[in-house]
Amino acid sequence: MKSFFIYLGIQLKADIRDRGILMTYYLVPLVFFVVIGSIFSSINPLMKPVLAASMSIFAVTMGAVMGTPLPLVRARESGTLRAFRINGIPDGAVLAVHTVSACIHLFIVSIVIYVFSPVLLHSDRPSHPGLYLLVLLLILLASVGIGILIGSTARSQSTASMISMLVFLPTVMLGGIMFPASILPPLFEKAALVLPATYAMQAFSSLAYGLNSSLHPAFCIFVLGGFCIAAFILALWRFAAVIRKQ
Amino acid sequence: MHMEEAAVSVKGLVKRYGSVTAVDGISFEVKKGEVFGLLGSNGAGKTTTFECMEGLRTTDGGVIKVAGCDPVRQQSLLHSRLGVQLQSSSLPDSMLVSEIIRLVCTYHHTAVPDELVRKFGAEPLLRKQYRQLSTGQKRRVHLVLALCSNPQVLILDEPTAGLDVQNRAGLHDEIRKASQEGMTILLATHDMAEAETLCGRIAILVKGKIAVCGTPSEITAAGSRQTKIRLRTSAGSLFSAMPEIADAQYTETKDGYIEWSCRNASSAVIEILTCVKNNGDTVEDLRVERPSLEERFLELVEDPV
């Protein structure tokens, strides 16, 4: 366990030196939060109260789906995993450290958004911060799980980027982040139900802010939990399969 | 050689990739403290053989023991006894060299080997990110990592590729020292001179099979190529009256030299020098060129039968 924490500490420091990670985990989400958040809060008053939640979902989804897969695929392609393995560092440790470090970065950026959203964009503070934290952790784990799944499935970095975009764009457009899911055409509203962001947005609104939502909050929490478990199980299975093939 | 003495034992190793048999039933043993070279052209099966020994690939047949471990079933024990420098590998770009070494040492439960870092001139690299290293510097770092656990067996897959002359010589010295201290070293290389100077024994792989195995001298001697004798005299007396040399065959005259090829160089040389003396001529230059490992290697690769 000591080895794991030393590895995690080294990985976190290495991430801070990596411009790509800084961009996808911190810079782009925070710039998006400030710029797009300002625009959205002024043109769509409905989104203003829950801006911290929607911007956190954006940041978490972007970081997890766009940022997490590439280093994993690169580690496989470049031979880093093999080099680690023959030097006694197990594949499982690489995956675990990768997952935990992504969660830490995305949690930090979400907390920054949570703290500064009311100050900069005059959004509401959640009436139930504990429940806000619960939903945040669930969407964070579900998104990182999906990111790890993409990283374990994609054969190359370009494939990983493509799959990431296929997941990320519908999440932003249909998941209720940019505008309420209720104003979407019925077909898209149905399609949005396959995205964890939809349930996270509904759960944030009802549980953390006490607003009305079209889905029952308990159901949203249950589905988000299901996404987390399914994504991680599938990711582990794919990762093991890819390692065996190597 | 008895099994107990062998630090590495490979028996009947078979590895297939689909319908292609990359390694076809090879067997060899390597004694403790021996430097054993695996030579072969690209695709001959060297790296696959090493990867099976490192536990990176499962085998389709045969039995492997490395430092007393089954590479597939006893991986964690193997990693504490085996150091490996892979032919091609990488490390996270943004990690510092010092962090990578610390990480590997943590998993090996060993202290950071400052002495080893100094020995391989890696001290100035410690504060550099992996991405900032040159090819040669990366090779040095991988070598330090391979030796971090003070392994019993060290596998080096083309360790000097990309190294400059100075680093290459330094690495050769370290390989010799490690071998003298009892470390068993397996080396794959395309550099025949390197194999000839470092390795106690060599196996040449051709299409997944061991074509020949032995000391560098045994391997070169077993070939069909002959020793060349090249002679230049001050008066060129042999040009006009080419003598019959019993133990050598005249090959050609070129650039003022007469060339013979022979099996038994010593008696042929004596005979040629006697002719020169009898002609009242004097020797300006005499060269005896034994067949090199490279020539023997090419002979085997081009015509394995």
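Throughout, a chain's letter reflects where its sequence line sits, starting with A, and its residues are numbered from 1.
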Checklist entry - Taking the six-membered ring for Trp, are the ring centroids of A:Y25 and A:F107 within less than 6.0 Å of each other? => result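 Not close enough - the centres of the two rings lie 6.0 Å or further apart.
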Checklist entry - Are side-chain N/O atoms of A:N87 and B:H142 paired as donor and acceptor at under 3.5 Å? => result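 Judged by distance alone, the side chains do not pair up.
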Checklist entry - How far apart are the closest heavy atoms of B:A146 and B:P151, and which atoms are they? => result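 Nearest heavy atoms, B:A146 then B:P151: O-CG, 3.5 Å.
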Item to check | Residues from residues 89-103 of chain A approaching chain B under 4.5 Å (heavy atoms) | outcome: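 Residues of residues 89-103 of chain A touching chain B at under 4.5 Å: A:I89, A:P90, A:A93.
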Item to check | Winner by heavy-atom pair count (cut-off under 4.5 Å) against chain A, out of B:I155, B:L103, B:L78, B:L91 | outcome: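 The option with the most such pairs is B:L103.
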Checklist entry - Where on B:I100 is there a heavy atom nearer than 4.5 Å to chain A: the side chain, the backbone, both, or neither? => result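 Neither part.
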Item to check | B:E51, part contacting chain A, at a heavy-atom distance under 4.5 Å | outcome: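 The side chain, not the backbone.
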Next on the checklist: Among residues at least two apart in sequence or on other chains, which ones pass salt bridge (Lys or Arg N to Asp or Glu O under 4.0 Å) with B:D60?
Outcome noted: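 B:D60 satisfies salt bridge (Lys or Arg N to Asp or Glu O under 4.0 Å) with no other residue.
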Next on the checklist: Angle between ring planes, A:Y7 versus A:F84, binned at 30° and 60°: parallel, tilted or perpendicular?
Outcome noted: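 Aromatic pair A:Y7/A:F84 classed perpendicular.
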Checklist entry - Does a salt bridge link B:D93 with A:R74, judged by any charged N lying under 4.0 Å from a carboxylate O? => result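 Salt bridge absent between B:D93 and A:R74.
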Item to check | Basic-acidic side-chain contact under 4.0 Å: B:R118, B:E115 | outcome: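 Salt bridge flag = yes for B:E115 with B:R118.
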